[in-house]
2 protein chains.
Amino acid sequence: MGLTKTEIFTDQQNQISVFAKAFGHPARVAILQYLFKIDTCFCGDLVKEIGLAQPTISQHLKELKYLGLIKGTVEGTSVCYCIDKENWAAMKEVMGDFLDQDLPENEECC
Amino acid sequence: MGLTKTEIFTDQQNQISVFAKAFGHPARVAILQYLFKIDTCFCGDLVKEIGLAQPTISQHLKELKYLGLIKGTVEGTSVCYCIDKENWAAMKEVMGDFLDQDLPENEECC
DNA sequence: CCTATTAATCGTAATATTGCAATAAAATAA
DNA sequence: TTATTTTATTGCAATATTACGATTAATAGG
């Protein structure tokens with residue numbers, strides 16, 4: 001056990017949870033917010049910005065890259081990171097459909 | 001180690017990650033979607049709907065209740081669950097601020 | 001070539017999460 | 001009171017995640 005039973009859920013439900021899990025750590029939230037704030041590629045030292053060890057940041061970046069939310073292009077000895085706009089928009093649609101669900105006012109409800 | 005360093009992040013970043021973590025499991029996504037679909041309190045057997053063991057569902061419900069996303073009121077031997085509309089709206093605002101960040105078209109970017 | 005610089009990977013320890021059997025608790029019905 | 005029904009809790013095993021030291025690429029500049 002300890003293993004999520006993905007097979008009993010819909011693709012949509014699994015997709016939502018995979019994206020949500022990516023945002024489920026403040027370091028990844030901070031990385032993404034920083035890339036948005038910088039508003040261009042960031043080819044500097046993300047480790048200094050966030051405050052975790054370099055291997056830890058690298059690991060978080062890897063996850064975000066794997067999901068396609070960020071892109072990384074080699075620029076000399078450093079790597080340039082930025083938000084993948086298309087994939088971010090696609091993710092937003094999936095998450096939006098889930099979050100923007102609405103309930104009519106129902107007075108019979110608890 | 002193995003412990004998230006929440007103290008180095010902002011309250012907002014931690015809040016986003018806590019909500020995201022709640023959606024980071026397909027069972028919790030499924031539970032929430034079902035409560036939205038039912039569109040009223042659900043006082044039936046959520047275990048049959050989702051397909052996990054009763055203690056597992058109970059645990060997921062506990063987490064969602066702890067975050068305030070759902071309410072549960074005792075109704076005889078069973079419990080009535082529904083979305084907490086106010087808290088859901090508050091959560092949506094926090095997550096929305098994060099997800100709806102936008103980048104202007106920047107051709108100098110990678 | 002050698003030496004910095006920067007980022008990725010490996011290995012590992014600590015903690016967290018998931019899932020369920022067994023059990024307990026709470027309310028109803030007989 | 002004694003079942004019955006429904007949900008919560010406990011305890012535990014399996015897996016996942018987080019973090020970082022040590023090491024390994026990969027590139028740039030002598």
Side-chain angles (χ1 to χ4, degrees), chain A residues 1-9 13-14 16-31 34-35 41-67 70-82 110, chain B residues 1-9 13-14 16-31 34-35 41-67 70-82 110:
Chain A
M1 298 114 204
L3 173 63
T4 298
K5 291 193 168 177
T6 54
E7 69 277 6
I8 68 172
F9 302 104
Q13 287 163 344
N14 283 312
I16 290 167
S17 69
V18 165
F19 281 130
K21 207 177 283 183
F23 306 138
H25 194 289
R28 292 191 290 268
V29 170
I31 289 170
Y34 193 75
L35 293 180
C41 289
F42 181 68
C43 311
D45 193 353
L46 218 35
V47 173
K48 278 184 203 153
E49 288 300 328
I50 309 295
L52 289 170
Q54 180 266 323
T56 309
I57 296 293
S58 192
Q59 202 170 278
H60 285 306
L61 288 169
K62 191 179 175 183
E63 287 180 65
L64 294 173
K65 259 188 288 184
Y66 176 75
L67 288 180
I70 64 173
K71 285 188 287 192
T73 45
V74 178
E75 196 87 14
T77 52
S78 62
V79 179
C80 242
Y81 291 105
C82 62
C110 48
Chain B
M1 299 114 205
L3 175 61
T4 299
K5 291 192 169 178
T6 54
E7 68 278 7
I8 67 172
F9 301 104
Q13 287 163 345
N14 283 313
I16 290 168
S17 69
V18 165
F19 281 131
K21 207 177 282 183
F23 305 139
H25 194 288
R28 291 190 290 267
V29 171
I31 288 169
Y34 192 75
L35 292 180
C41 290
F42 181 68
C43 311
D45 191 355
L46 218 34
V47 174
K48 278 184 204 153
E49 288 301 326
I50 309 295
L52 288 170
Q54 181 267 323
T56 309
I57 296 293
S58 189
Q59 202 169 278
H60 286 307
L61 287 170
K62 192 180 176 183
E63 287 181 64
L64 293 172
K65 258 189 289 185
Y66 176 74
L67 288 179
I70 65 173
K71 286 188 286 192
T73 44
V74 177
E75 195 87 13
T77 51
S78 62
V79 179
C80 244
Y81 291 106
C82 62
C110 48

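Throughout, a chain's letter reflects where its sequence line sits, starting with A, and its residues are numbered from 1.
- As a whole-Å value, the separation of B:L52 CG from C:dT18 P is 11 Å.
- A:L64 is not listed as a side-chain neighbour of A:Y81, based on a closest heavy-atom distance of 4.5 Å or more.
- When the shell of 6.0 Å around NZ of B:K65 is examined, it contains more than 12 heavy atoms from other residues, nucleotides or ligands.
- For the OP1/OP2 pair of C:dT17 and a distance below 4.0 Å, the side-chain nitrogens and oxygens of B:H60 include no atom meeting the criterion.
- Counting heavy-atom neighbours within 6.0 Å of A:Y66 OH, excluding the residue itself, gives a total of 12 or less.
- Side-chain N or O atoms of B:R28 include none that pairs as donor or acceptor with a backbone N or O of B:H60 at under 3.5 Å.
- At whole-Å resolution of the value, CD1 in A:I57 and C1' in D:dA19 are 10 Å apart.
- Straight-line distance from the OH atom of A:Y66 to the P atom of D:dT17: 11 Å, rounded to whole Å.
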Protein and nucleotides 7-9 of chain D: nitrogen or oxygen contacts under 3.5 angstrom:
residue, atom, partner, partner atom, Å
D:dT7, OP1, B:G44, O, 3.4
D:dA8, OP1, B:K65, NZ, 3.1
D:dA8, OP1, B:Y81, OH, 2.8
D:dA8, OP2, B:S58, OG, 3.1
D:dA8, OP2, B:Y81, OH, 3.3
D:dA8, N7, B:Q54, NE2, 2.6
D:dA8, N6, B:Q54, OE1, 2.9

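- Note on A:K21: every side-chain N or O is 4.0 Å or more away from OP1 and OP2 of C:dT17.
- Distances shorter than 4.0 Å separate some side-chain N or O of A:H25 from OP1 or OP2 on D:dA19.
- Computed from coordinates, the B:K5 NZ to C:dA16 P distance equals 14 Å when rounded to whole Å.
- In this structure, CZ of A:F23 is placed 17 Å from C1' of D:dT17, rounded to the nearest angstrom.
- Here the CD1 atom belonging to A:I8 is positioned 4.0 Å from the CG atom belonging to B:L52, to the nearest 0.5 angstrom.
- In this entry the distance linking CD of B:E75 with C1' of C:dA27 reads 12 Å, nearest Å.
- Atom-to-atom, CG of B:L64 to P of C:dT18 comes out at 11 Å; the value is rounded to the nearest Å.
- One interatomic measurement links the two molecules: CD of B:E63 to P of C:dA16, which rounds to 13 Å at whole-angstrom precision.
- For the atom pair B:L61 CG and B:Q54 CD, the distance stands at 9.5 Å (nearest 0.5 Å).
- The aromatic rings of B:F9 and A:H25 stand perpendicular to each other, their planes meeting at an angle above 60°, with 30° marking the opposite boundary.
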